[in-house]
2 protein chains.
Amino acid sequence: MSEGVEWALHSCLNLSWIETGEAMTAAKLAAFYSLPTAYLNKQLQSLAKAGILTSTSGPRGGFRLARPLDKITLMDVVTAIEGAEEAFRCEQILREGPGGSPHVDYRESCVIAQAMRRAELAWRHELAGQTLADIRKTVEGRFPGTPDNTRSWFANLRT
Amino acid sequence: MSEGVEWALHSCLNLSWIETGEAMTAAKLAAFYSLPTAYLNKQLQSLAKAGILTSTSGPRGGFRLARPLDKITLMDVVTAIEGAEEAFRCEQILREGPGGSPHVDYRESCVIAQAMRRAELAWRHELAGQTLADIRKTVEGRFPGTPDNTRSWFANLRT
DNA sequence: GCTTAGTTACTCGGATAAAAAGTGTCCGAGTCAGAAAGG
DNA sequence: CCTTTCTGACTCGGACACTTTTTATCCGAGTAACTAAGC
């Protein structure tokens, strides 16, 4: 799985803590974790395309959350970065074997594909069941200073 | 996820159906699905290293199952091919952020990492809960001719 | 003072390059089966 | 006929290319704010 998922999740949380109506540039979000600016920008673009963030060009531009955190699931972010296709993609090798038919969709009928899909659905179900709001709530419960610290760090950022 | 997982799973099932005490070569297993022989051999080697198959060199050599199918889970095969590391690997970017400490293991304490791990555990749990014996039983229930067809195909294989 | 046009600096966005992982191939080391020779 | 040696072919196993994906970078198009000029 791409490293960008981790960056995206953390950046979304940061965006929620500094929310002031102002947009946050990719450069500032990258500076927070010393990440390569241009590459994080690429990930944020993916989030924007997926409708999780909105982007604004020009001075005072940047990214901001497109909707409240409780409307953004972990699944949404993972799909935005990784794409929608499944990890185990059945290549239908049964079709090449004896008795294989070109007219059968083995992605549906192959028992192995079904078993792998069941596991992947369990994974997706867990991801879809947790919103970023849940994550933020847990973080704030364990580290109450995080919102203020984050906000003030971005406020005091130079250059 | 690597394509080799699909090849490995199907090949293990085939091995169980033709089990006669004889070993099966990578070339024959590859011919069954018209797969590239040398590359399938590579995957089978991984299964052998993981203790799922045993390999024999020389004439009459090849691969055979190292233990009964009901002792082989989908998780075992996936781990053998893909490796044991998690799909979402926390790079601990919190360490590079303000307030980050070099002495904290953020793979454990980071709430995001925990949430992603929970999802991955659900996936692993599903995979570990299904043995190849379960798969075979289901296949034989839906396609009763499979064992005989497979066995006779390998028996009649030329060259 | 207010409006308006022009300029400038800033930001995203996609095009481009480098690195890594995945995919595929080839040849050699070891080994076992079978043939051949000897008893 | 049985045993033993030798040969030879067969198989895995790892080393070596090629392709695709991931990671990272760089500039240009567009935009909004600021400046300054005109009313």
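Lettering follows sequence order; numbering is per chain, from 1. Bear in mind the structure is a predicted one, so any value in this text is a computation, not a measurement.
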Gap between atoms CD and C1', on A/Gln43 and D/dT21 respectively (whole Å)
13 Å

Rounded to whole angstrom units, what separation is found between the CD atom of B/Glu3 and the C1' atom of C/dA21?
15 Å

When rounded to whole Å, the CG to C1' distance for the pair A/Leu53 and C/dT11 reads 15 Å

Can you pull out the residues from residues 72-82 of chain A that lie within a 4.0 Å heavy-atom distance of DNA chain D?
none

Does a donor on one side chain sit under 3.5 Å from an acceptor on the other, for A/Gln92 and A/Arg95?
yes

What one-letter contact string describes nucleotides 10-17 of chain D from 5' to 3', where B marks a base within less than 4.0 Å of any protein heavy atom, S marks contact via sugar-phosphate atoms alone, and - marks no contact?
BBSBBB--

Please report, rounded to the nearest Å, how far the C1' atom of D/dT22 is from the CH2 atom of A/Trp7.
11 Å

Can we say A/Glu85 and A/Arg89 salt-bridge, meaning some charged N sits less than 4.0 Å from an Asp/Glu carboxylate O?
no

So A/Asn14 and A/Tyr33, do their side chains get closer than 4.5 Å, heavy atoms only?
yes

Can you give me the closest heavy-atom contact between B/Ala26 and B/Leu40, atom names plus distance?
O-CD2, 3.9 Å

Quick check on the hydrophobic clustering: are B/Phe88 and B/Leu121 connected, directly or via other members, by side-chain heavy-atom contacts under 4.5 Å?
no

Has B/Ser2 got a side-chain N or O lying under 4.0 Å from the OP1 or OP2 atom of C/dT23?
yes

Given C/dT23, C/dT25, D/dT23, which nucleotide is nearest the side-chain atoms of A/Arg89?
C/dT23

Five pairs per end, C1' atoms only: what is the angle between the end axes of the helix from C/dG1-D/dC39 to C/dG39-D/dC1, to 10 degrees?
10°

Check this for me, if you would: do A/Asp134 and A/Lys137 make a salt bridge, where the nitrogen-to-carboxylate-oxygen distance has to be below 4.0 angstrom?
no

Nearest heavy atoms of A/Ala48 and A/Phe63, plus distance in Å
CB-CE2, 4.4 Å

